[in-house]
Asker: 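The following block contains the structure, expressed as structure tokens.
We count ligands from 1, going down the list as the structure has it; atoms in each ligand are counted the same way. Start at 1 with the first residue, then count along the sequence.
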Amino acid sequence: MIVTRPFPTPRLDHIDPFLLLDRMGPVTHGPGEAKGAPDHPHRGFETVTYILDGAIEHEDSQGNRGRIGAGDVQWMTAGSGVIHSEMPSEEIRHKGGRLHGFQLWVNLPRRDKMMKPRYQELRASEIPTATSADGRVTVTVIAGESLGTRASIDTRTPIMYLHVRLAAGASFTQAIPATYNAFAFIVSGQAAFGNRLARENDMVLFGRDGDAVTITTESGAELLLIGGVPLDEPVARYGPFVMNSLGEIRQAMIDYQSGRFGEIG
Ligand code: FE
């Protein structure tokens, strides 16, 4: 699997409250080539999986299993802990096929780190979308609000997660509260943020000096616009565990090793 990881990097550990962004593919696997992530734990944060092409199959220690297909979102709140597997669909594993998607890690505030795990799974048809008055901009509203349309996903702290598609010549202004840390990730095409031009796989980090961002494009572009209120809490991270202190990380490892996360049936 080709993975593009805008963060964390050696220079950028996280963008509070976001801990990681991975772009999977786009890649066309041959038969038997596609690899996934077999059983692994998470505690203390949320994983948001958004598939654009192909499908992922998941299974977890709470007895949940399902398929995340093109356009679908799975917002998993790991909370106190789950063990899950995330694999390309059986069809892609055996016959090959195209896979493209994103995974975002959203940190949980101290008060929610040990909450009961929960899932919010939305099919593509259930995710609100909005179109600008001139028809040139379409926004899939995964979290937050855009063009007067509100997301149906419930987030623990205020989060904005928008998939914005701009036709050639389009201009789009999105309100972003000054209290948010926010960034854009270019999925395809080219877009201008003021005089900064960004192209595929570029990440544009916004300063906290305004309450809106305007994006223009000559040839068309597709991008993710992501933001949220920073937690401003200590971040102790070790692989799949993200807590507030080293002691809590040690406890997570003990709990995991002693089977307290359960297992995949
Ligand atoms: Fe995972």
Asker: Can you tell me the angle formed at the Fe ion (ligand 1) by NE2 of His42 and NE2 of His84, to 10°?
Answerer: 90°
Asker: In terms of ring plane angle, is the pair His42 and His40 parallel, tilted or perpendicular, where the classes change at 30° and 60°?
Answerer: perpendicular
Asker: Ion pair present between Arg23 and Glu200, side-chain N to carboxylate O less than 4.0 angstrom?
Answerer: yes
Asker: Give the name of the N/O/S atom in His40 that lies closest to the Fe ion (ligand 1).
Answerer: NE2
Asker: Can you name the N/O/S atom of Glu86 that is nearest the Fe ion (ligand 1)?
Answerer: OE1
Asker: Run through Phe241, Phe45, Phe18, Phe7 and flag the one making a ring pair (Phe, Tyr, Trp, His ring centres under 6.0 Å) with Trp105.
Answerer: Phe45
Asker: Any side-chain donor-acceptor pair under 3.5 Å between Thr173 and Thr214?
Answerer: yes
